[in-house]
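This report concerns only the one structure given below.
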Amino acid sequence: MSESNRTLLTIGVFFLTIVVAILLYAAQLIDWPLIVPVVLLLSGLWMLALGAIRESKPVKYERSGFSTMALGLVAIAVGGAWFLAVLNLWIYAIVVILIVVAALAIAAALKRK
C-alpha cells in the first residue's frame, strides 16, 4: 500500500471516528465533554493498526511501525486519561498515563538488542 493511499485511508478513518463520537453523543451514551476523548481513543486504535501495517512492509527513510504504534498508545492513554478526568476519576487518569509511559519505556528498551 503506497503512502498516499495510507494518508487518504487515515483521513477517512479520522472522519469516521468523529462520526462515531457524534453518534454516541446523539444516542446520549456520552456527554459533550467526552467527544474529543472518544475521538482520541478511536484514532489511537487506528494508529495501532496503521503501525502494524507499516511494520509488515517497512520503507526506507519512513517512520517505523514501532513509532506509529507508540504514538497510537500515547493517543489512547491521553484520550483514556481525559475520559477518566471528566468523570472525576483523577487518580485513575494518572495511573493510565504512567502505565503507558512505563510500557513504552520497557518496549523501547527490549527493542534495542
Side-chain angles (χ1 to χ4, degrees):
M1 182 181 294
S2 69
E3 186 63 31
S4 62
N5 287 344
R6 285 187 202 148
T7 304
L8 186 58
L9 185 61
T10 300
I11 291 170
V13 169
F14 180 71
F15 284 131
L16 189 62
T17 60
I18 292 173
V19 168
V20 168
I22 291 171
L23 286 175
L24 287 173
Y25 173 70
Q28 297 180 349
L29 295 173
I30 61 172
D31 292 331
W32 69 269
L34 295 176
I35 290 176
V36 175
V38 168
V39 170
L40 272 172
L41 284 167
L42 295 175
S43 295
L45 289 174
W46 168 247
M47 284 185 234
L48 286 177
L50 187 61
I53 292 169
R54 285 186 176 192
E55 196 68 36
S56 68
K57 293 184 180 180
V59 177
K60 193 173 184 180
Y61 304 119
E62 187 179 282
R63 177 183 292 262
S64 70
F66 180 77
S67 68
T68 304
M69 287 183 190
L71 188 60
L73 280 176
V74 168
I76 290 171
V78 169
W82 190 344
F83 191 91
L84 292 170
V86 169
L87 298 176
N88 287 327
L89 300 171
W90 287 98
I91 192 72
Y92 295 114
I94 294 169
V95 167
V96 166
I97 295 289
L98 291 176
I99 286 175
V100 169
V101 169
L104 285 175
I106 291 168
L110 292 177
K111 188 175 188 286
R112 298 179 186 214
K113 294 180 181 177

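The chain is numbered in sequence order, starting from 1.
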[X] to [Y] - nearest heavy-atom pair and separation:
{"X": "Val39", "Y": "Ile18", "answer": "CG2-CA, 4.1 Å"}
{"X": "Ala93", "Y": "Ala81", "answer": "CB-O, 3.4 Å"}
{"X": "Gly79", "Y": "Pro37", "answer": "O-CB, 3.4 Å"}
{"X": "Phe14", "Y": "Ser43", "answer": "CD1-OG, 3.7 Å"}
{"X": "Ala75", "Y": "Gly44", "answer": "CB-CA, 3.9 Å"}
{"X": "Tyr25", "Y": "Ile30", "answer": "CD1-O, 3.5 Å"}

query: Arg54 versus Met69: any side-chain heavy-atom pair under 4.5 Å?
result: no

I want to check something: taking the side chain as every heavy atom from C-beta on, are Val74 and Leu104 in contact at a cut-off of under 4.5 Å? yes

Is there a path of hydrophobic side-chain contacts, each under 4.5 Å between heavy atoms of I/L/V/M/F/W/Y residues, joining [Y] to [X]?
{"X": "Phe83", "Y": "Met47", "result": "no"}
{"X": "Leu98", "Y": "Leu71", "result": "no"}
{"X": "Leu73", "Y": "Val36", "result": "yes"}

State whether the number of non-hydrogen atoms from other residues, nucleotides or ligands found under 6.0 Å of Ile91 atom CD1 is greater than 12. no

Got a sec: does the CZ of Phe66 have more than 12 other heavy atoms crowding it under 6.0 Å?
yes

Working to the nearest 0.5 Å, report the span between [atom1] of [X] and [atom2] of [Y].
{"X": "Lys111", "Y": "Ser67", "atom1": "NZ", "atom2": "OG", "answer": "8.5 Å"}
{"X": "Thr7", "Y": "Leu50", "atom1": "OG1", "atom2": "CG", "answer": "8.5 Å"}
{"X": "Leu40", "Y": "Ile35", "atom1": "CG", "atom2": "CD1", "answer": "12.5 Å"}
{"X": "Leu45", "Y": "Leu41", "atom1": "CG", "atom2": "CG", "answer": "7.0 Å"}
{"X": "Ile94", "Y": "Ile97", "atom1": "CD1", "atom2": "CD1", "answer": "9.5 Å"}

Please test Leu42 against Leu16 for side-chain contact (heavy atoms from CB on, under 4.5 Å), starting from the C-alpha separation and ending with a verdict.
CA-CA 9 Å; Leu42 295 175; Leu16 189 62; over 6 Å; no

Checklist entry - When you check the side-chain N and O atoms of Thr10 and Trp46, is any donor under 3.5 Å from an acceptor? => result yes

*asked:* I'd like to know whether Trp90 forms a side-chain contact (heavy atoms from CB on, under 4.5 Å) with Leu84, so could you lay out the CA-CA distance, the side-chain angles of the two residues, the decisive distance to 0.1 Å, and finally the verdict.
replied: CA-CA 7 Å; Trp90 287 98; Leu84 292 170; over 6 Å; no

side-chain contact (heavy atoms from CB on, under 4.5 Å) test vs Leu24 passes for just one of Leu29, Asp31, Leu34, namely Leu29

